[in-house]
Structures are given as C-alpha cells and as structure tokens.
Amino acid sequence: MKRKVLVIAGATAVGKTSCSIAIAKQFSGEIINGDALQVYRGLNIGTAKITAAEMDSIPHHLIDTHTIEESYHVKSFQEEGRELIEAITNRGHLPIVCGGTGLYIKSLLYDYTFSDQAKDEDFIIFLGTLSNAQLFALLKQVDHKACETIHPHNRKRMIRALEMAHLGDKKSDIIDRQEHKLCYDAYLIGLTIPRDQLHQRIEQRFALMMKQGLFEEVEGLVKSDPNIWERQCFQAIGYKEWSDYFNGKATIAQCGEQIIKNTKRFAKRQDTWFRNQLPMHWYDTQTDDWQKRIMSDVEQWLQTKGDGNHG
RNA sequence: GGUUCCUUAGCUCAGUUGGUAGAGCAAAGGACUGAAAAUCCUUGUGUCCCCAGUUCAAUUCUGGGAGGAACCA
C-alpha cells in the first residue's frame, strides 16, 4: 500500500504556512518544507520562513539544513523528502509537504530518477564556450528526442541534457523509463486567490518584511560573506535585487519595487506550474468555508485505502 | 489675460507627406526531470481628448472647445 502524503502548494504569499499548521494540528502531522530556499540558514525574512513561535511545536523538516555557502538541489530534496516521509509515517504521523517549489514537489511524488554520476566540470566548462546554435546542434546529435522539448535559446537546459548524455544516460531515455505515476497516495491541496488580491498581499508582505528588517538581514549577509552575490542562495527574490543598491546603482526604494515585481512574476509561474503539472485540489482562500472544506476533504481522504488514485 | 507647445495601449512615448497605428516598460498565457525564488517561449483593437468643417476617406489638415506644460504680462 502506498504511503499517504499531504501536499500544500500554491503561489507565494497565499497563506500556505498558517494553513499547514492548522492541518498538522488537526491530523497530527509533521511538516516537510517544499521551498527551495528555506533550507538556507540565515535567509529568514526574505524567504518568509516560518518562525519558531509560528511552528507552534509542530515538527518541521528541511528548514535551515544548509549554510549559505552550500548549494541545494532537487536530487537532495527528493532523497531527504522520501526518507522523511518514511520516518514520519513510521512514527504514526502524517507527512505534510508544504511549499512552492513545483519541481521539488513533483520529483518527490513521481518517479523522477536522478543518476549518481559525478559531474564532469571540464565538459561543462567546454559547453559554456559554445553558442546556443552550437549547443543545439550538438544536442541534436546525441539526444535528438530531447531537442523536441528544449527551446534552442534555453542554454541551461541544453547544457544539462548534453551533460546527461555525456555521462552515459540520455535525458530522453531516463524520462522514457519512468512510469509517470504518483509514488504515494497523495492529496494535493492548492491554495489560490484572485490575482489582483495576491498582488496586494505581495505588496503588503514586502512592506512587512522591510519592517521586520529585511534590509538589515541582507546587509549582514553581505558583510559576512564577500562572495555572497555568487552564491546559489542569493539568486533568491528578495536578496538578489539588492546588488544594485550595494553597487550604488539604485536606491532602497527602487530595489523594493524590483522585489515586488519579481515576486509577482514568480507567483504567476508557480500558479502555472501547479495548475498544469500536478493533480491539485484547489481551494480559493477568499471563500468563507475553505478551511472547513479542506479539513473534511482531508478527513475523507485519510479514511480511504491508499490506492494512489487521488487526482 | 497673451504666445508657444502638448493630449495616441495600464505607463513613457514614436508614427501615419490624409487610406483607422507601433516600440520600450508593465501585464497576460505557456514550457519545465540535478541552479527551479532558476531558465526559456508566445501575446499589442486602442472612442489615436471632444465637437464641427474640408475630403471619396481625418488619428493626421482647418476652426472651436476641454485638460495640461513653459514663457510673457
């Protein structure tokens, strides 16, 4: 029988965190963070990370597990997430994945496979010297099928596919070998709210972040690490935008505008992902009874036998 | 009060020697299998401020009106 996993997903600032706490309390759950950037210690305000007080003694996992010098990847998330689901289930608790990183959540729930092969840095450096057209031509030779889904301008994807082929397992072959079915008896909750209201919430939340000391947090990180701008974690919205300020190219207000704009775009991409990539059950947080409906739907789902046919 | 200039997409502005219009930004939609808060793709009908005149035809020319800007009193 498949393990039960509850997922709470949706765009940034819809209210996933408070929803997850309410559900965890009701069904004795433990929360697995599904946000790519909340694993980094020190990135707190800008990632809207849950505070110890907000956790309300609900166990949380995959938060603050990495330093800002480290890099985190889907593969690690998938491995650690699966181990956690196992452990939490064995404890008699309900695993609840809560977050907004679509790829992470999908790779955890489905049979995505990532090889163990080590990187060939020299090869990647070589690929970096090629033009887009050259990369595409090369990919066409080694993995013709992958070309169908990778746009010839998307360097990152072309380089990765070429790397996979170089290491001996083509991207298209790996995908063909998968069943593309849920590995768990998962119930996916998608939180949503009309776009214009989400935009308002994003603006309000940014103002709150500034009040809570976002700028000071960034300033502290900049002072503590001379290479901070090259760190993977500093491609996060709410952090990367400040480089213009520290270079003297923008004011604090201008950086703030940029952060709000990027957050709105990000929220749109998240919506698109969850809408089209995963079998979500949507709940509009504008309706009065959305929490009640979630509680009763989850209750019902918990009583079914794990056949994985939800969604 | 006078003179000159301005009014076109959500915003900033091009433009049409008269044949109903297009850039940037914003926005919307989409893709996504080891950076994913990343990376990449697609999308422009709008009373061309209002009214009247000239004209086969006016957003474009003429007159009037409204709103705005600068300068002069």
Side-chain angles (χ1 to χ4, degrees), chain A residues 9-13 16 33-40 43 45-49 66 70-80 99-121 124 128 132 135-136 143 145-167 169-180 183 194-196 198-199 202 205-206 209 230-241 257-278:
Chain A
T12 185
K16 296 188 290 290
N33 162 246
D35 264 323
L37 286 142
Q38 295 193 3
V39 299
Y40 295 106
L43 268 60
I45 299 170
T47 61
K49 197 182 283 170
H66 289 70
E70 295 173 303
S71 292
Y72 196 63
H73 306 280
V74 213
K75 182 175 159 66
S76 321
F77 175 80
Q78 189 196 45
E79 285 170 1
E80 290 159 11
T101 305
L103 177 66
Y104 281 22
I105 294 172
K106 191 171 183 184
S107 78
L108 176 69
L109 301 178
Y110 288 81
D111 57 339
Y112 276 28
T113 49
F114 303 110
S115 82
D116 286 321
Q117 279 154 319
K119 284 195 176 222
D120 183 342
E121 297 292 347
I124 293 173
N132 285 348
L135 287 172
F136 196 72
D143 189 353
K145 209 172 168 187
C147 287
E148 291 166 17
T149 51
I150 300 176
H151 192 277
H153 289 177
N154 203 334
R155 291 183 70 79
K156 217 179 206 179
R157 295 259 163 81
M158 290 193 288
I159 287 173
R160 171 87 258 259
L162 284 165
E163 184 196 0
M164 288 163 104
H166 177 70
L167 294 174
D169 214 355
K170 288 193 276 185
K171 173 172 172 166
S172 57
D173 288 343
I174 291 173
I175 291 175
D176 282 347
R177 254 181 267 133
Q178 295 166 359
E179 287 186 60
H180 301 101
C183 305
R195 187 64 61 76
D196 55 333
L198 183 65
H199 284 185
I202 286 169
R205 194 179 65 174
F206 173 73
M209 283 177 174
E230 280 83 60
R231 301 293 182 200
Q232 185 178 310
C233 69
F234 247 54
Q235 59 182 8
I237 294 168
Y239 297 90
K240 63 178 170 189
E241 292 87 354
E257 290 301 309
Q258 203 60 36
I259 289 171
I260 289 170
K261 192 170 77 189
N262 286 341
T263 307
K264 289 175 181 174
R265 286 174 173 170
F266 171 49
K268 184 151 71 80
R269 268 178 279 133
Q270 287 177 302
D271 266 345
T272 302
W273 178 286
F274 292 121
R275 202 167 38 230
N276 302 322
Q277 296 280 331
L278 292 168

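Reminder, nothing fancy here: chain letters follow the sequence lines and each chain counts from 1.
- Going from atom CZ of A:Arg269 over to atom P of B:A27 covers 11 Å, rounded to whole Å.
- Each of A:Trp273 and A:Thr12 lies near RNA chain B, and the nucleotide nearest A:Trp273 is the one positioned closer to the 5' end.
- The residue A:Ser107 sits apart from the nucleic acid: no heavy atom pair falls under 4.0 Å.
- By the ring-ring contact (aromatic ring centres under 6.0 Å, His included) test, A:Tyr239 pairs with A:Phe234, sequence neighbours left out.
- With both ends at atom P, the span from B:G22 to B:U47 equals 15 Å, rounded to whole Å.
- The 12-atom threshold is not exceeded at NZ of A:Lys145, counting heavy atoms of other residues, nucleotides or ligands nearer than 6.0 Å.
- A side-chain donor-acceptor contact under 3.5 Å links A:Asp120 and A:His166.
- Of the C1' atoms belonging to B:G18 and B:C56, the separation is 12 Å, rounded to the nearest Å.
- Contacts of A:Asn276 with the nucleic acid, taken as non-hydrogen atoms under 4.0 Å apart, involve only primed sugar atoms and P, OP1 or OP2.
- For the pair A:Met209 CE and B:A37 P, the computed distance is 14 Å after rounding to whole Å.
- One can place CZ of A:Arg157 at 7 Å from C1' of B:A31, the figure rounded to the nearest angstrom.
- Between B:C25 and B:C41, the distance separating the two P atoms is 13 Å to the nearest Å.
- Across the P atoms, B:G15 and B:C6 are found 11 Å apart, a figure rounded to whole Å.
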According to the Watson-Crick and G-U wobble definition with distances under 3.5 Å, which dot-bracket string, read 5' to 3', encodes RNA chain B, using [ ] for crossing pairs and | for pairs with another strand?
(((((((..((((.....[..)))).(((((.......))))).....(((((..]....)))))))))))).

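- Using a 4.0 Å heavy-atom distance criterion, A:His180 is classed as a base contact.
- Between A:Thr272 and B:G30 there is a side-chain polar atom (N or O) within less than 4.0 angstrom of OP1 or OP2.
- Nearest-nucleotide positions on RNA chain B for A:Phe266 and A:Lys261 put A:Lys261 closer to the 5' end.
- Shown here are the ring-ring contact (aromatic ring centres under 6.0 Å, His included) partners of A:His199, two or more places apart in sequence or in another chain: there are none.
- Atom CD of A:Glu148 and atom P of B:A31 are 17 Å apart (whole Å).
- Residues satisfying the side-chain contact (heavy atoms from CB on, under 4.5 Å) criterion with A:Arg205, sequence neighbours excluded, are A:Thr12, A:Ala13, A:Ala48, A:Met209, A:Thr263.
- Distance check on atom C1': B:A31 versus B:A26 gives 22 Å, rounded to whole Å.
- Note: NZ (A:Lys264) to P (B:G29) measures 14 Å, nearest angstrom.
- Rounded to a whole angstrom, the distance from the P atom of B:G24 to that of B:G63 is 36 Å.
- Under 3.5 Å, the side chains of A:Lys106 and A:Gln277 contain a donor-acceptor pair of N or O atoms.
- Note: CZ (A:Phe136) to P (B:C41) measures 13 Å, nearest angstrom.
- In this view, A:Arg231 and A:Asp225 satisfy the salt bridge (charged side-chain N to carboxylate O under 4.0 Å, His left out) rule, not counting sequence neighbours.
- With hydrogens and angles ignored, no donor-acceptor pair under 3.5 angstrom links the side chain of A:His151 to the base of B:U42.
- One interatomic measurement links the two molecules: CD1 of A:Ile150 to P of B:G30, which rounds to 21 Å at whole-angstrom precision.
- Taking the P atom of each, B:U55 and B:C50 are spaced 23 Å apart, rounded to whole Å.
- A distance of about 16 Å separates the C1' atoms of B:U8 and B:G67, rounded to the whole Å.
- A:Lys268 has its NZ atom 6 Å from the C1' atom of B:G29, to the nearest Å.
- For A:Phe77, the ring-ring contact (aromatic ring centres under 6.0 Å, His included) partners two or more places apart in sequence, or in a different chain, are A:Tyr104.
- If you check distances only, the side chain of A:Arg155 never reaches the base of B:C40 with a donor-acceptor pair under 3.5 Å.
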